[in-house]
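The block underneath contains the structure these notes are about, expressed in structure tokens.
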Amino acid sequence: MKEYDHTKIEKKWQKEWDTTEIYKTDSATTKKKFYVLDMFPYPSGAGLHVGHPRGYIGSDVYARMKRMAGYNVLHPMGYDAFGLPAEQYAIEHKIHPSNAVAINVATFEKQLSMIGLSYDWSRKVNTTDPAYYKWTQWIFLEIYNSWYDKSASANKARPISELIEIFIKNGNANIDAVCDINFNIVFTASEWVSYTEVEKESILMKYRLAYEGYALVNWCPNLGTVLANDEIVDDKDGNPVSERGGHPVEKVQMRQWFMRITAYSDRLIDGLENIEWSTHIKEIQRNWIGKSEGSEISFNIRVVKKFSSGPRTREDEELDHEENIFNNSTSIKIFTTRADTIFGATYMVLAPEHTLVEELSNRIDNLPEVKAYILSLKNKSEADRTKNDKRDREFATKFNLPIVDKPLVDAKEITEKVGGKIVTKYKMRDAIFARQRYWGEPIPLKHNADGTITALEEKDLPLELPNVDSYEPIGTGESPLGSVPSWVKEGYETNTMPGWAGSSWYFLRYMDPNNNNAFASEEALEYWKDVDMYVGGQEHATGHLLYSRFWHKFLYDRGHVPTDEPFKVLRNQGLIIASDGRKMSKRWGNVVNPDEIVKTYGADTLRVYEMFMGPFDQAVAWNTQSIIGSRRFLEKVWKGSSYALQNKTQQTPEDLEKELHKTIKKVSEDIETMSFNTAISSMMMLSNQIEKYKIISISDYKLYLQILAPFAPHIAEELWNLLNGDENGPSLHISGWPIFDEKKIIDDTIIVVVQVNGKVRTQLSVESTISEEQIKELALKDKVVLGWIDGKEVKKIIYVKGRLVSIVV
RNA sequence: GCCCGAGUGGCGGAACUGGUAUACGCGCACGACUUAAAAUCGUGUCUCGCAAGGGAUGUGGGUUCGAUUCCCACCUCGGGCACCA
């Protein structure tokens, strides 16, 4: 038999599969569907390291098994290519970002295709393609033109036109809608009609699910640009500075677009019940949304003026009068989840941005200190600040405030007694949906001279990104689009969409990637419905995975998709870290390149190794030394085929046949639960057995190749064809999934362990049909057992069927 | 701090629903083949002990005939904690 030449075999079959299109998704919809999806990558310039394909290989194994089992499998791949890294790359290399993307995609695709992944490449999507982002813009407009009806009968998004109708008929007094928390204007129908267009627009903006507002951003005056959090580092003194240049960074308010994701808080929590995701990710999302019930209580305040010694002056009297008015009209509203401990409250701390701090500034003794403190906080991140005030007791101790032991009362009772109310709060905030950058989807809105906003119509989409001379920020905080005269003249929005826009719905586009009339046809959506198996990193728990659910629920509300949740099952692959225990990174010089591994050991070995090295969802350290084990295993498989070929009429020994069918069962179950490491381990054992017997029938070896196929598709296909000889059958990968024979895995004899007082003392080899009575009797008569019982009275005897007998004396 | 998750040989890890702890692989040791080496094949490989047997799944308790698995406390590590792809 020839040597196992992985390079030759892998090239040969990749070409063949490409030509025969065996991985192409069936367009006929009579078969049962199965949608296996990878989180599509951001094609960075650095290329892949061996950690990247782990998830892709896992989902590929799963998809291949489903395909062989007869499902119509949708297993696509695409690119999420808008965003900062491509823009930076373009600035550095002085090329257009779209060229940078094209280069990176090519590198990426070359590396991916080497691994033998069974994608249907004809369905590839790219978020930066105008034909794609036309529909990202379309979805944005749907969201912009919607409001959230919170009433129990609806509890969903509805068109903004329906809200306007309600305003015209009844004003806004009786609607239960999600709107801006600070918006408290109530108007009648006739008042609404009397408003100007600008007034109407500004009211509607309080209700829209995509709305304009202001938010704190990281502003770097020296660079004249807004920075993302990961572009900011701390300097020696702990102050935030830009990573590039080390210039000071401050927080400033800036105009932004937002998505009213908070309207969906409850549904995003409740929906977790019905999807099969890891409890870990669900927990992260729940924490992120942060629903909590608590009490809202107002504290009246009293400003105490320190009078100067000596007789009271008229000035003092005036001040006193002012204070009385102030004290009677001002209160501080607080939120607490522990109203039962309210008697323990001995002090109150105001947030530095609280308006009272400013209002009462003339009463503050140490005003300069306070001001300095506020200033120092201004540039700290939200997390840095909130960490402190939780430790109330420590705070009190630090500043010498009294601590009162807290009497127990009922939280609800006390809240009502003091005139507060029980409220539900959420930690989650609305999502900022704008970047002051060039390389993103243009937001399809126009600002008119009169202050109103016009949404583009579908026929005018896509609103394409104009070419610009420079992608550098223009120094005003606006995106480079603000320096394009034609763009500004038309009044187009200069903010672009954030990176998560295009990735929030891409899985729908794969269903019908070339449709020009809709993001996907109704038929395609009705057939594919949702993702059956989604594989990706858990680092997207509070980003992509939350935004996608939000958009999907919105699309569902508006009747655009047939399901309420996009991803039925989610599995997260663990990180592959470098052998030195650190993340693989150029910075540490510990990157292992998959190209090298494929060249030396072959793609099949890489695939087997990555699936074998540990549990799929667990982080594991790369160890190049260990790869040889996976390579040896495949060589054993290679050699094993010669035992099948040596005599075409030979039968498989009965015991080996039993092993084979047990392995088929085990591998089938393990792929289903993504326990790839134990699936491979059981196949290794089978190969070891075949090596021992050195006889197996061709048909049995073919069964083995079928279960190996998802893991090592190239070598399996090569041997499959070798064993088929002149027969010209279908590719192994569409040859069906073997079903184990129930009768063939029954053991005639079993080993039963005997324990005396909880310790294993001996084993009995018995017929599997033995009764409980018989085995107990056998155990009690056993010589070894008798020695341990030593004439003592047997108090108890327990039999666990087919496993052990436990004797207590 | 709060909320999750995890700690098993020299290393990666296995163990069904509470039922023989250490499967499978790497490494290592010895042997076979070879002039030799590599590759391959075989044997061994938690620990103490000559053996009989004892002890080990982060630490200390508990429940049970029986605990890696369940409960309590602690230690260590990893992740999440308001926008970051």
Side-chain angles (χ1 to χ4, degrees), chain A residues 41-42 44 80 82-86 215-217 228-232 256 258-259 261-262 278-290 381-383 386-394 426-433 435 498-500 503 537-544 546-547 574-575 579 608-609 612-615 617-630 632-633 635-636 639 669 675 677-685 687-688 691 751-763 795-809:
Chain A
Y42 194 100
S44 73
D80 181 20
F82 270 131
L84 216 50
L216 283 176
V217 295
N229 279 356
D230 53 355
E231 293 177 288
I232 298 169
Q256 304 281 352
F258 292 84
M259 286 277 168
I261 187 173
T262 51
S278 76
T279 47
H280 185 57
I281 299 274
K282 288 188 184 183
E283 191 63 27
I284 292 175
Q285 291 209 344
R286 278 195 204 98
N287 286 345
W288 185 268
I289 298 166
S381 72
E382 196 95 6
T386 45
K387 259 182 216 155
N388 292 322
D389 51 26
K390 281 196 175 173
R391 281 166 276 169
D392 294 343
R393 207 175 180 98
E394 276 175 39
Y426 302 88
K427 269 199 323 189
M428 183 170 67
R429 297 291 170 85
D430 282 340
I432 296 179
F433 193 78
R435 297 288 181 264
W500 56 271
S503 61
Q538 66 164 44
E539 66 272 20
H540 299 98
T542 54
H544 162 64
L546 198 63
Y547 297 133
L575 221 60
S579 46
V608 168
Y609 177 60
F612 179 65
M613 59 197 303
D617 58 357
Q618 210 169 287
V620 64
W622 181 263
N623 184 349
T624 298
Q625 193 184 41
S626 293
I627 296 175
I628 192 69
S630 300
R632 283 180 192 147
F633 162 59
E635 275 168 7
K636 245 178 243 184
K639 193 175 156 196
E669 288 166 358
S675 309
N677 54 332
T678 50
I680 290 169
S681 147
S682 68
M683 288 189 286
M684 284 173 169
M685 284 192 265
S687 267
N688 291 343
E691 179 62 32
I751 306 265
V752 173
V753 171
V754 183
Q755 295 186 344
V756 179
N757 285 343
K759 291 210 183 299
V760 177
R761 294 307 178 190
T762 190
Q763 303 181 342
K795 291 183 190 145
K796 205 174 184 181
I797 179 162
I798 296 153
Y799 175 55
V800 181
K801 194 168 186 319
R803 289 197 174 269
L804 64 69
V805 176
S806 182
I807 299 165
V808 190
V809 292

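Computed from a predicted structure; not experimentally measured. So you know, we letter chains A, B, ... as the sequences are listed, proteins then strands, and number each from 1.
If you measure from atom NZ of A:Lys636 to atom P of B:rC26, you get 7 Å, rounded to the nearest angstrom. Rounded to whole Å, the distance from CZ on A:Phe433 to P on B:rA85 is 12 Å. Atom pair A:Ile797:CD1 and B:rU64:P shows a separation of 20 Å (rounding to whole Å applied). Here B:rU64 presents its P atom at 15 Å from CG of A:Asn757, a figure rounded to the nearest Å. If you take CD1 of A:Ile284 and C1' of B:rG78, they are 12 Å apart, rounded to a whole angstrom. When rounded to the nearest whole Å, the span between NZ of A:Lys387 and C1' of B:rC2 equals 12 Å. Atom CD1 of A:Ile807 is separated from atom P of B:rG66 by 14 Å (rounded to the nearest Å). Following rounding to the nearest Å, A:Met685 (CE) and B:rA14 (P) show an atom-to-atom distance of 13 Å.
The base-pairing partner of B:rG27, taking Watson-Crick or G-U wobble contacts with both distances under 3.5 Å, is B:rU45. Checking B:rA15 for Watson-Crick or G-U wobble geometry (two distances, each under 3.5 Å) identifies no partner in any strand. Across all strands shown, B:rA73 forms a Watson-Crick or G-U wobble pair, both distances under 3.5 Å, with B:rU59. Nucleotide B:rC33: unpaired (no Watson-Crick or G-U wobble partner with both distances less than 3.5 Å). A 3.5 Å limit on both hydrogen-bonding distances identifies no Watson-Crick or G-U partner for B:rG9. When both distances must be under 3.5 Å, the Watson-Crick or G-U wobble mate of B:rA51 does not exist. In this structure, B:rC2 and B:rG80 make a Watson-Crick or G-U wobble pair, each of the two defining distances being under 3.5 angstrom.
Spacing between B:rG9 and B:rA23 at atom P, rounded to whole Å, works out to 13 Å. Going from the C1' atom of B:rG10 to that of B:rG44 covers 16 Å, rounded to whole Å. One C1' atom belongs to B:rU45, the other to B:rA38, and the distance between them is 24 Å to the nearest Å. Comparing the same atom, P, in B:rU34 and in B:rA29 gives a spacing of 22 Å after rounding to whole Å. With C1' as the reference atom, B:rA39 and B:rA32 are 14 Å apart, rounded to whole Å. Nucleotides B:rC2 and B:rU69 have their P atoms positioned 25 Å apart, rounded to a whole Å. B:rC50 and B:rU57: their P atoms are spaced 24 Å apart (whole Å). Straight-line distance between the C1' atoms of B:rC70 and B:rA51: roughly 38 Å, to the nearest whole Å.
At the heavy-atom level, A:Pro615 lies under 4.0 Å from the strands shown only through sugar-phosphate atoms. Within the nucleic acid shown, A:Lys795 has no heavy atom closer than 4.0 Å to any nucleic acid atom. If you check every strand for non-hydrogen atoms under 4.0 Å, A:Trp500 touches nothing. Heavy atoms of A:Val620 sit under 4.0 angstrom from primed sugar atoms or phosphate atoms, though from no base atom. Within 4.0 Å (heavy atoms only), A:Ile680 reaches no atom of the nucleic acid at all. A:Ala621 comes within contact range of no nucleotide atom at all, as no heavy-atom separation falls under 4.0 Å. As judged by a 4.0 angstrom heavy-atom cut-off over every strand, A:Gln755 is placed among the base-contacting residues.
Distances shorter than 4.0 Å separate some side-chain N or O of A:Arg435 from OP1 or OP2 on B:rA85. Close to B:rC65, at under 4.0 Å from its OP1 or OP2, lies a side-chain N or O of A:Lys796. Residue A:Arg632 places at least one side-chain N or O closer than 4.0 Å to OP1 or OP2 of B:rC26. The phosphate of B:rA6 has neither OP1 nor OP2 within less than 4.0 Å of any side-chain N or O from A:Gln618. Checking the phosphate oxygens (OP1, OP2) of B:rG55, a side-chain nitrogen or oxygen of A:Lys759 falls inside 4.0 Å. Applying the 4.0 Å criterion to OP1 and OP2 of B:rA14, one finds that A:Asn677 has a side-chain N or O inside that range. Close to B:rG27, at under 4.0 Å from its OP1 or OP2, lies no side-chain N or O of A:Asn623.
Distances from the side chain of A:Ser626 to the nucleotides B:rA14, B:rG79, B:rC26 place B:rC26 closest. For A:Val760, whose side chain is taken as the heavy atoms from C-beta onward, the closest listed nucleotide among B:rU20, B:rG25, B:rG80 is B:rU20. In this structure, of B:rC4, B:rA15, B:rC81, it is B:rA15 that holds the atom nearest to the side chain of A:Thr678. Proximity note for A:Val808 (side chain, C-beta onward) versus B:rG19, B:rC65, B:rG12: the nearest is B:rC65. In the set B:rG27, B:rC16, B:rC81, B:rC16 carries the atom at the smallest distance from any side-chain atom of A:Arg803. Of the candidates B:rC41, B:rG27, B:rC84, B:rC84 carries the atom nearest the A:Thr542 side chain, counting heavy atoms from C-beta on. Which of B:rU20, B:rG12, B:rG54 sits closest to the side chain of A:Arg761 comes down to B:rG54. Listed candidates were B:rC83, B:rC3, B:rG27. Nearest to the side chain of A:Met428 is B:rC83. Which of B:rU20, B:rG27, B:rA85 sits closest to the side chain of A:Leu804 comes down to B:rU20. Each of B:rG19, B:rC26, B:rG12 was ranked by its minimum atom distance to the side chain of A:Ser806; first place goes to B:rG19.
For the pair A:Met259 and A:Tyr547, the minimum side-chain heavy-atom distance is 4.5 Å or more. Residues A:Arg761 and A:Ile807 fail the side-chain proximity criterion, which asks for heavy atoms closer than 4.5 Å. Proximity of A:Tyr426 to A:Thr262: side-chain heavy atoms (C-beta onward) are nowhere separated by under 4.5 Å. Residues A:Asn688 and A:Lys636 form a side-chain contact, since some pair of their non-hydrogen atoms from C-beta on lies under 4.5 Å apart. Between A:Val805 and A:Val753, every side-chain heavy-atom pair lies at or beyond the 4.5 Å cut-off. Put simply, the side chain of A:Glu691 reaches to within 4.5 Å of the side chain of A:Lys639, judged on heavy atoms.
At least one donor-acceptor pair under 3.5 Å links the side chain of A:Tyr42 to the backbone N or O of A:Gly83. With hydrogens and angles ignored, the 3.5 Å screen pairs no side-chain donor or acceptor of A:Tyr609 with any backbone N or O of A:Thr624.
Mapping A:Glu283 and A:Gly499 onto RNA chain B by nearest heavy atom places A:Glu283 at the nucleotide closer to the 5' end. Between A:Gln538 and A:Met613, the one whose closest nucleotide on RNA chain B sits nearer the 5' end is A:Met613.
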CA sep, side-chain torsions, deciding dist, call: A:Arg286, A:Glu283, salt bridge (charged side-chain N to carboxylate O under 4.0 Å, His left out): CA-CA 5 Å; A:Arg286 278 195 204 98; A:Glu283 191 63 27; 3.7 Å; yes
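Against the 90° criterion about 0, the sugar-base torsion of B:rG9 places it in the syn range.
Ring pair A:Trp500/A:Phe433 is perpendicular by interplanar angle, where above 60° counts as perpendicular and below 30° as parallel.
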